[in-house]
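Predicted model, so just to flag it, every value in this text is computed and none were measured. Residue numbers begin at 1 in each chain, while the letters A, B, ... track the order of the sequences.
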There are 2 protein chains.
Amino acid sequence: MTPGMGRGAGPAAPRSADVAQLAGVSRKTVSRVLNNEPYVSAEARRRVLAAADELGYRLNHAARALASGRNRSIGVVALGTAGYGTASLLVGIEQAVRDAGYALRVVNTPDGDPEGITGAVESLLEQGVDGVVVSEPIVEGEVSLRVDVPVLFLGAPPAFSADRTVTASVGACALARAATEHLLDLGHATVHHLAGPRRWYASKDRIAGWRAALAARGAHEPPLVEGDWSADSGYAAGLELASDSSVTAVFAAGDEMAIGLIHALREAGRRVPEDVSVVGFDGNPVFAYVSPPLTTVRQPFDAASREGIRLLVHAIEKPDAELPPTSDPPVELVVRGSTAPPPSLQDQRHLQIT
Amino acid sequence: MTPGMGRGAGPAAPRSADVAQLAGVSRKTVSRVLNNEPYVSAEARRRVLAAADELGYRLNHAARALASGRNRSIGVVALGTAGYGTASLLVGIEQAVRDAGYALRVVNTPDGDPEGITGAVESLLEQGVDGVVVSEPIVEGEVSLRVDVPVLFLGAPPAFSADRTVTASVGACALARAATEHLLDLGHATVHHLAGPRRWYASKDRIAGWRAALAARGAHEPPLVEGDWSADSGYAAGLELASDSSVTAVFAAGDEMAIGLIHALREAGRRVPEDVSVVGFDGNPVFAYVSPPLTTVRQPFDAASREGIRLLVHAIEKPDAELPPTSDPPVELVVRGSTAPPPSLQDQRHLQIT
DNA sequence: TTGAAAGCGCTAACAA
DNA sequence: TTGTTAGCGCTTTCAA
């Protein structure tokens, strides 16, 4: 094959040797300029840049990767769902990765099952990524996998063993606790929880936060209701919960489930927030405009992905250094119209006024 | 550098030569097995596979890319937003790309401006992708860029010249037309349109569909209102539209804008759908559970991305063959509770009954 | 059906 | 500050 003639019949793509020749320097000097290495005279640098520009030179990353052993790319294993949460996380990751000067490779695991994750990581490793991000994994049981690059677990504890593992989280546990405490503060005797699928770490975190808040106040812990993040499943859960008149407050593990839940509650004749208060989880801004506007906690997707990528890049570039200290992301409760004091307290106030 | 000693102090990563040695064949035979090439005896194949498995061999994609000139990867230029639409599209693309046996690289263009797209494509080209997907671009003016691989424009006409260009779309124009016609069929004299930012091709398509429907019925075309896809901007537009009592039907170019719009309308004392009907655009299932449930058109993200990637892969693998025929995606109108006949017709019916 | 030799375009180590 | 040399791990000739 003629070099550079891969596609169509255009002229051969210029190589670093062409640039070197035109600039009148050696290939190594071209390499130095392109990699911002020191020990290049300003004059040589200028000439190389001018020659590269004139030729329309484009560095061949595959060759660089092969020669240097480093790829400057990070792979992310994402969930194949288009929810607000997962999408926000992916956007944040892309940005942070690009800012760090790395390329991003994405593999989805539609079902998020362990084999799926293993296969996805494996394929990223083959592609030669310098680091891997496992975003919101679903894991039952340990996955064993030989990984020789740092791995970042976003929103979950390490799901398999790797030489260098870093974690960062959105602080879901603290957020769930804040959501539950908000309801308790309003005077509700206890708070029901509409959780995500139990297989997800994200669900576990939120359940843990909810439990902690309940326990701290000595509140009775009602049985858990489980959904699948969808509004449909929230609706189904709402049908169930509506038949129990003792339910006055529900913390849903996702905004969309909360919306479905409220719909079912209202169809069953229970008013929100007068009879039942509902808190969501995520912070999708569109739900400020539904009726009632949804009280929720905002997940700091941006902060978490930025922080996580910072740690990952650190682990990649300084394998032997200590990890820099990390700070917990802020907890942000967005109080809107779907929460109110329980009916009992509302009545009391009403009687006092009368 | 000792081969394979890049990270940590583990044993050297096995190379194809190691596999060849263990299997007792040549490196070329290993290569043949790994690439599913013909002319390998079953026995040789078995031995190679066994050796690879025993060694935990992982193919080095960078080396393959360098030697073969092909990368088996596709790059996508996406928008750095976490909206339901863009996220759904990206998920669909990833799936289709993976199914086709390619790896996916992602670069976002936060602002979607022309320079952003140019830079993003450039960086993908450096990474050696075999094809590029430009997803829902925003373009004002032509971007000129030397691209020597096929480019797929998803939901937009070619934004810059490339040797081989393919396009696929969600059929936004037909969808917008269907949404508008639904309103017209209900008896509304005309339909207002809350458009997306004018710089987006996606907005233009929807405007064109809306106009076509209006023109076909001889309906008067009211002035356009422009939002930025957010619920906030829909709310702002709703405030504006609410003051005009002649408005009885609005087609919003996005579900979220529609939700904001409805909220503003109701705050201003106009009932939905009794006084004003609203149709959204996207088909996010969560909006079946708000009040009123949102009538919308569903974008066939999956079909469009699948079709687009099919064309792109065809263009990559058979550069000289004709493109296969393409079919228009289906138009799916989801009628829910946010649309009804205009007040005038409701009154008439009422009078007749009385 | 198989193998030997020659690169792909770049960077690393060393020498100048 | 610069250049020379020798690979990186794979695929591609082309010959056996």
Side-chain angles (χ1 to χ4, degrees), chain A residues 1-7 12-48 51-52 55-73 125-128 130, chain B residues 1-7 12-48 51-52 55-73 125-128 130:
Chain A
M1 191 176 74
T2 315
M5 296 282 282
R7 257 355 103 210
R15 298 160 308 180
S16 76
D18 300 321
V19 176
Q21 188 176 19
L22 183 61
V25 298
S26 74
R27 274 158 60 210
K28 178 61 215 183
T29 298
V30 172
S31 167
R32 275 195 265 260
V33 171
L34 265 23
N35 291 291
N36 276 315
E37 282 173 29
Y39 304 124
V40 182
S41 68
E43 170 59 12
R45 164 164 278 118
R46 197 192 55 66
R47 287 223 309 274
V48 167
L55 258 26
Y57 172 72
R58 216 132 53 191
L59 182 79
N60 182 326
H61 277 227
R64 162 189 284 187
L66 181 56
S68 69
R70 296 207 31 247
N71 232 303
R72 290 205 77 82
S73 81
L125 255 21
E126 273 195 4
Q127 290 177 53
D130 300 313
Chain B
M1 189 177 76
T2 316
M5 295 282 281
R7 259 352 106 211
R15 296 159 308 178
S16 76
D18 300 320
V19 176
Q21 188 176 19
L22 184 61
V25 298
S26 74
R27 274 157 59 208
K28 178 59 216 183
T29 298
V30 172
S31 168
R32 274 195 265 259
V33 171
L34 265 23
N35 290 291
N36 275 316
E37 283 173 28
Y39 302 124
V40 183
S41 67
E43 169 60 12
R45 163 164 280 117
R46 197 193 56 69
R47 288 223 309 273
V48 167
L55 258 27
Y57 172 72
R58 217 135 49 193
L59 183 84
N60 182 325
H61 278 227
R64 161 187 284 184
L66 181 56
S68 70
R70 297 209 28 249
N71 231 304
R72 289 205 77 81
S73 81
L125 255 20
E126 274 195 4
Q127 289 178 53
D130 300 313

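- L59(B) has its CG atom 16 Å from the P atom of dC8(D), to the nearest Å.
- The salt bridge (charged side-chain N to carboxylate O under 4.0 Å, His left out) check on R32(A) picks up nothing, with sequence neighbours excluded.
- Regarding R58(A), its CZ atom lies at a distance of 17 Å from the C1' atom of dC10(C), rounded to whole Å.
- Taking R45(B) as the reference, nothing meets the salt bridge (charged side-chain N to carboxylate O under 4.0 Å, His left out) condition, with sequence neighbours excluded.
- Rounded to whole angstrom, the span from the CG atom of D18(A) across to the P atom of dG9(C) amounts to 9 Å.
- Residues meeting the salt bridge (charged side-chain N to carboxylate O under 4.0 Å, His left out) test with R47(A), sequence neighbours left out: E43(A).
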Just the atom pairs and distances: protein N or O near nucleotides 1-5 of chain C's N or O, under 3.5 Å.
residue: dT2(C); atom: OP1; partner: S41(B); partner atom: OG; Å: 2.9
residue: dT2(C); atom: OP2; partner: S41(B); partner atom: N; Å: 2.7
residue: dG3(C); atom: OP2; partner: S26(B); partner atom: N; Å: 3.0
residue: dG3(C); atom: OP2; partner: S26(B); partner atom: OG; Å: 3.1
residue: dG3(C); atom: OP2; partner: T29(B); partner atom: OG1; Å: 2.7
residue: dG3(C); atom: N7; partner: R32(B); partner atom: NH2; Å: 2.8

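- Of the side-chain N and O atoms in S16(A), one or more sit less than 4.0 angstrom from OP1 or OP2 of dC10(C).
- If you measure from atom CZ of R15(A) to atom C1' of dC8(C), you get 9 Å, rounded to the nearest angstrom.
- Partners of E126(B) according to the salt bridge (charged side-chain N to carboxylate O under 4.0 Å, His left out) rule, which considers only residues two or more places apart in sequence or in another chain, do not exist here.
- Nucleotide dG9(D) holds its P atom 15 Å from the CG atom of L34(B), rounded to whole Å.
- Take L59(B) and apply the side chain to side chain contact (heavy atoms under 4.5 Å, CB included) test, not counting sequence neighbours, and it matches L34(B), Y57(B), H61(B), R64(B).
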